[in-house]
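All remarks here apply to the structure that follows.
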Number of protein chains: 2
Amino acid sequence: MNHQQTLNRALKGIGDFSQQQSALIGEHCAFLKVNKQETLLAAGQVCNAFLFLLTGACYQFRKTDADPNIIDLHLAGDCVVNQLSFISQQPSNETIAAYENSELLVLTIQSLHRLIALSPAFLQLAKLLQVSTLRAEFYDNAMTPAEKYHRVLDDKPQLIQIFPLKYIASYLKITPETLSRVRAAI
Amino acid sequence: MNHQQTLNRALKGIGDFSQQQSALIGEHCAFLKVNKQETLLAAGQVCNAFLFLLTGACYQFRKTDADPNIIDLHLAGDCVVNQLSFISQQPSNETIAAYENSELLVLTIQSLHRLIALSPAFLQLAKLLQVSTLRAEFYDNAMTPAEKYHRVLDDKPQLIQIFPLKYIASYLKITPETLSRVRAAI
DNA sequence: AATCCTACTTGATTGAAATCAAGAAATCAA
DNA sequence: TTGATTTCTTGATTTCAATCAAGTAGGATT
């Protein structure tokens, strides 16, 4: 599948874009290939682009003295962005890295502004910034470990195939031990 | 203090707006006065406006079979919006209501678009939608009840003056008993 | 194949907050 | 003002996930 097709598919989840508009977005993107464990955005840098993950897997984490704190896990089709840093154009607290060899499309904030200048329809792209908000609330404070795990199973079962249990556990803010037990109890 | 002044003050926290731009925003707003316990946005409705809270206090909650789930507490100067519903223009899961008699400015999504058409500078208003994101992360999963409470004390001490303890507890996702004990332990 | 290292599992224990419960204080309504 | 209702406090108990701990399995490297 070519890049534009994957992009079109990703854009479907975001808003109503015509064939032409999708193509225009594609034209404003750069292609990027990274290897396993390469950094896409280092903590302290300003996030000045949207990344569309075409193939592979990426993750977002916060460094700690102990194990890194997983903030987000991304699969092909996802939009990878540190929304806080992007919006505020302040240095990010999180690092974004590739977990697998990955292919991405890069849409810089300048390109985004150029698109919006061409047509307000591209304002819809701003919705991307909300996606992670949805996700953050999705795995809610109030949910039990079992609920969280089953929600991932329903929502993004591939996550569990691709990322190690301890990443999933950190993402869900539970311990690996608890997740292991939840899983065993199915 | 007149409405425009209160609005200007609120806008300072959001972005860089000239005197004229602030005035233009004010001109695009409608004035609204509501009484205690009146509903501003019912669950199931689409949130199609930003509300600037000029005076009074409002809150956002999710209905449950038991006690309502407090999602957000707003004081004068705050921007009151259900961001998810606003962005997606889908029905809201939450209800927004006045806790005290309140005065508000209403900026509809149409007016927002009109402003953005006049000048891209008004895109800064979109930052408002991020404010609650920040807040949601502010009282983090990982914080202890005591940490949460002291953070409110530091951040928004008036909240504790105005809203009953059980609202604060629900907002912080702890029980009233626990909050009472935390408070006693100062 | 042997070694090392990390991930995962499973068990025992602990601890912190929820729940259960009852009484005190504050607010509201008549 | 009185009584009723709700909110807040305080205590006892329970519960559930974290922690501590040890062992097993799987992957990588030589």
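Here is how names work: the chains are called A, B, and so on, in the same order as the sequence lines, proteins then strands, and each is numbered from 1.
The side chain of B/E177 sits closest to D/dT10 out of C/dC8, D/dT10, D/dA18. Distance from the side chain of B/T178 is smallest to C/dA17 among D/dT9, C/dA17, C/dT19. Relative to the side chain of A/R181, the nucleotides D/dC8, C/dT10, D/dT10 differ in distance, and C/dT10 lies closest. Here the side chain of A/S180 is nearest to one of D/dT9, C/dT9, D/dA18, namely C/dT9. Closest to the A/P164 side chain, of the nucleotides D/dT7, C/dC8, D/dA17, is C/dC8.
Separating the OH atom of A/Y167 from the P atom of C/dC8 is a distance of 10 Å, rounded to the nearest angstrom. Distance, A/I168 CD1 to C/dA7 P: 13 Å, rounded to whole Å. Note: CG (B/L165) to P (C/dA26) measures 14 Å, nearest angstrom. Atom CG in B/D67 sits roughly 11 Å away from atom P in D/dT6 (whole-Å rounding). Distance NZ (A/K173) to C1' (D/dA18): 16 Å, rounded to an integer number of Å. Atom-to-atom, NZ of B/K166 to P of C/dT27 comes out at 15 Å; the value is rounded to the nearest Å. Straight-line distance from the CG atom of A/L179 to the C1' atom of D/dC16: 16 Å, rounded to whole Å. Rounded to an integer number of Å, the gap from OH of A/Y149 to P of D/dA17 is 16 Å.
Across all strands shown, C/dA30 forms a Watson-Crick or G-U wobble pair with D/dT1, both key distances being under 3.5 Å.
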Inset, instruction - Mind running side chain to side chain contact (heavy atoms under 4.5 Å, CB included) on A/C29 and A/F52 for me, showing each step along the way? - result: CA-CA 9 Å; A/C29 289; A/F52 296 96; 4.2 Å; yes
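A salt bridge between B/D72 and B/R62 is absent, with no side-chain N of the basic residue lying under 4.0 Å from a carboxylate O of the acidic one. A salt bridge is absent between A/D155 and A/K148; no separation between the charged side-chain nitrogens and carboxylate oxygens falls under 4.0 Å.
In this structure, A/I174 reaches the sugar-phosphate backbone alone: every heavy-atom distance under 4.0 Å involves primed, P, OP1 or OP2 atoms, never a base. If you check every strand for non-hydrogen atoms under 4.0 Å, A/P176 touches nothing.
Taking only distance into account, the side chain of B/R183 never meets the base of D/dT7 through a donor-acceptor pair shorter than 3.5 Å.
Aromatic ring centres of A/Y59 and A/Y171: separated by at least 6.0 Å.
When hydrophobic clusters are built by joining Ile, Leu, Val, Met, Phe, Trp and Tyr residues whose side-chain heavy atoms come closer than 4.5 Å, directly or via intermediates, B/L41 is not grouped with B/F61.
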